[in-house]
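Proteins come first, then strands; the chains are lettered A, B, ... in the order of their sequence lines, and each starts at number 1. Values below: every heavy atom of this structure, side chains too, minus hydrogens, waters and symmetry copies.
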Amino acid sequence: MTEPRSQPRADLQRWDGSTADARAIQTQLADKVVLADEFGPLKRIAGVDVGFEDGGMITRAAVVLLDAETLEPLAQALARIPTCMPYIPGLLSFRELPAVLQALDSLGQTPDLIFSDGHGIAHPRGLGIAAHLGVVTGLPTIGVAKKILIGKHTALGEQRGEQVDLLDKGGKVIGTVLRSKDRVRPLIISPGNRVSLETAPQLVMRYVTRYRLPEPTRLADRLASRRDEKRGGPQQSMELQ
DNA sequence: GCGACAG
DNA sequence: ATCTTGTCGC
């Protein structure tokens, strides 16, 4: 049997390269975001993140698939492609998504849920990279960011698990400011696709162990930024591509 | 017009 | 994101 291979590039390929068109595409795709819990049993979850090599010349995307029950890594994939554009706040997905989609494609398996670095709907036009990834792949996604892009919130408790709503200018809830560990800077959680505002932070906490970041994100982060091979380990890991 | 601004 | 050692604190 052949898995229904996606044609994820579609919406990005229609991009004319201008920032104006990128914003127009975001506004259009934002309507396709599903903010309801539309995901089945979570068996295999994935984390995706992007890093750079050669001072930014090469974009390096990493995907790590984990067993949702044991959190053991099941598979991982890397994609390295020439960087296509500079970082522009609000347009992150146009810079990083091509590499992320390629990495997901070479993974050869479809995750039941994807944790993406960056924001979901907590974005100027409601389509951060996590939401963009979710709409383009049709998969459930959650955005896990370390800093706020837009929105405000009230004071947050210091204990692990404490959370407050992230509100946009109109007072509408667009995400959750979540303290994943005692006395650490909070994470900014927002739905990407097929996950509700209420469930997103719950799922993040479900996969947080002893670190600030949930395991899928943390492992993808290490692979994308090559922290694993840099850090001192008696045995060097095997080569990846 | 002046800041703010994921990674 | 990335360039980078040791160091202060839980």
Side-chain angles (χ1 to χ4, degrees), chain A residues 12 19 22-23 25-26 29-30 33 47-63 78-101 103 114-135 141-153 157-160 166-169 174-193 200-201 204 209-214 216-232:
Chain A
L12 262 61
T19 56
R23 293 187 173 92
I25 289 175
Q26 292 180 323
L29 292 185
V33 170
V48 302
D49 191 25
V50 172
F52 295 88
E53 302 176 6
D54 293 338
M57 294 293 290
I58 298 296
T59 298
R60 169 182 168 124
V63 183
L78 275 179
R80 300 169 67 256
I81 63 178
T83 298
C84 60
M85 68 173 277
Y87 165 66
I88 299 174
L91 299 184
L92 181 67
S93 62
F94 287 79
R95 170 176 163 85
E96 303 189 343
L97 223 43
V100 169
L101 293 174
I114 300 175
F115 289 83
S116 170
D117 210 35
H119 297 285
I121 64 171
H123 173 279
R125 288 164 294 284
L127 196 85
I129 187 168
H132 198 161
L133 174 63
V135 168
T141 61
I142 293 176
V144 180
K146 306 173 195 66
K147 298 176 182 175
I148 290 175
L149 174 57
I150 62 162
K152 293 175 299 186
H153 64 89
E158 294 294 304
Q159 302 303 304
R160 170 194 172 112
L166 178 66
L167 313 170
D168 68 11
K169 290 178 180 177
I174 56 176
T176 304
V177 182
L178 175 68
R179 189 85 68 182
S180 58
K181 300 290 291 183
D182 289 354
R183 270 169 283 92
V184 296
R185 287 172 299 134
L187 295 177
I188 315 303
I189 310 303
S190 62
N193 189 41
V204 169
T209 59
R210 58 174 301 195
Y211 304 94
R212 179 164 87 119
L213 298 174
T217 300
R218 190 180 72 83
L219 296 179
D221 202 27
R222 291 189 85 69
L223 186 56
S225 298
R226 301 166 293 181
R227 251 137 219 160
D228 46 350
E229 47 187 74
K230 282 184 178 180
R231 283 298 175 177

Peer 1: May I ask you to test the A:Arg218-A:Phe115 pair for a side-chain heavy-atom distance under 4.5 Å?
Peer 2: no

Peer 1: How about A:Ser190 and A:Leu166: do any of their side-chain heavy atoms sit closer than 4.5 Å?
Peer 2: no

Peer 1: Going by side-chain contact (heavy atoms from CB on, under 4.5 Å), A:Arg179 matches just one of A:Arg160, A:Arg212, A:Arg185, A:Glu158. Which one?
Peer 2: A:Glu158

Peer 1: When you compare the protein's N or O atoms with those of nucleotides 2-7 of chain B, which come within less than 3.5 Å of each other, and at what distance?
Peer 2:
| residue | atom | partner | partner atom | Å |
| --- | --- | --- | --- | --- |
| B:dA6 | OP2 | A:Tyr87 | OH | 2.6 |
| B:dA6 | O4' | A:His119 | NE2 | 3.4 |
| B:dA6 | N7 | A:Gly90 | N | 3.1 |
| B:dA6 | N6 | A:Gly90 | O | 3.1 |
| B:dA6 | N6 | A:Leu91 | N | 3.4 |
| B:dA6 | N6 | A:Leu92 | N | 3.1 |
| B:dA6 | N1 | A:Ile129 | N | 3.2 |
| B:dA6 | N3 | A:His119 | N | 3.2 |
| B:dG7 | OP1 | A:Lys146 | N | 2.8 |
| B:dG7 | O3' | A:Asp117 | OD2 | 3.3 |

Peer 1: Roughly, in whole Å, what's the span from CG in A:Leu223 to C1' in C:dA1?
Peer 2: 16 Å

Peer 1: Would you check if A:Val177 and A:Pro186 make a side-chain contact, meaning some heavy-atom pair closer than 4.5 Å?
Peer 2: yes

Peer 1: Flag the pair A:Asp117 / A:Val50 as yes when at least one side-chain heavy-atom distance between them is below 4.5 Å, and no otherwise.
Peer 2: no

Peer 1: Could you tell me whether A:Asp49 and A:Arg222 have a side-chain N and a carboxylate O separated by less than 4.0 Å?
Peer 2: no

Peer 1: Are any non-hydrogen side-chain atoms of A:Thr59 and A:Arg95 less than 4.5 angstrom apart?
Peer 2: no

Peer 1: Let me have a per-nucleotide readout for nucleotides 5-10 of chain C, 5' to 3', with B, S or -, counting only protein heavy atoms under 4.0 Å.
Peer 2: -----S

Peer 1: Answer yes or no: is there a side-chain heavy-atom contact under 4.5 Å between A:Leu92 and A:His119?
Peer 2: no

